[in-house]
Amino acid sequence: TYGVVYRARCRTTSRIVALKQVKLERAREGFPLTALRELTVLLGLRHVNIVEVIEVVVSPKKQVFMVMEYMDHDFRSLMESMKAPFRT
């Protein structure tokens with residue numbers, strides 16, 4: 001799902017991570033189903049080409065964030081800047 005992503009540093013490990021804020025505005029009853037699906041899939045997958053979800057945290061303001069492995073580029077921007085398609 002689309003959402004705001006922040007770059008952050010873990011206070012305990014100093015690791016750079018991505019904080020993806022889960023949109024809760026449109027959720028009428030609890031946690032959004034699309035975010036739950038994304039989280040379930042990403043937590044269940046372990047592959048070098050799939051971003052790692054480290055944990056899920058809730059801020060004091062009741063904002064929910066997925067703490068993820070940090071990547072320098074997002075996939076969409078990478079695809080748009082490519083001069084030639086990926087080869088398989």
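Sorted by first and then second residue, the salt bridge (charged side-chain N to carboxylate O under 4.0 Å, His left out) pairs involving residues 6-15 (not counting sequence neighbours) are R15-E52. Residue pairs meeting the salt bridge (charged side-chain N to carboxylate O under 4.0 Å, His left out) criterion with at least one member in residues 61-71: none, sequence neighbours excluded.
Contact record, V22 with F31: CG1-CZ, 4.1 Å, taken as the closest heavy-atom pair.
In this structure, I16 belongs to a hydrophobic cluster whose other members, linked by side-chain heavy atoms under 4.5 Å apart, are Y70.
Residue M71 is not grouped with residue V5 when hydrophobic side chains (ILVMFWY) are merged at heavy-atom distances under 4.5 angstrom, including chains of intermediate members.
Considering only heavy atoms from C-beta on, K20 comes within 4.5 Å of E38 through its side chain. Considering only heavy atoms from C-beta on, F65 stays 4.5 Å or farther from V58 through its side chain.
Residues passing the side chain to side chain contact (heavy atoms under 4.5 Å, CB included) test with E55, sequence neighbours excluded: V57, V67. The side chain to side chain donor-acceptor pair (under 3.5 Å) check on S77 picks up D74, with sequence neighbours excluded. For V56, the side chain to side chain contact (heavy atoms under 4.5 Å, CB included) partners two or more places apart in sequence, or in a different chain, are L39, V64, M66.
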Test side chain to side chain contact (heavy atoms under 4.5 Å, CB included) on M68 and I54 and set out the steps.
-> CA-CA 5 Å; M68 306 172 87; I54 301 164; over 6 Å; no

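Rounding to the nearest 0.5 Å places NE2 of H47 at 13.5 Å from CG of L42.
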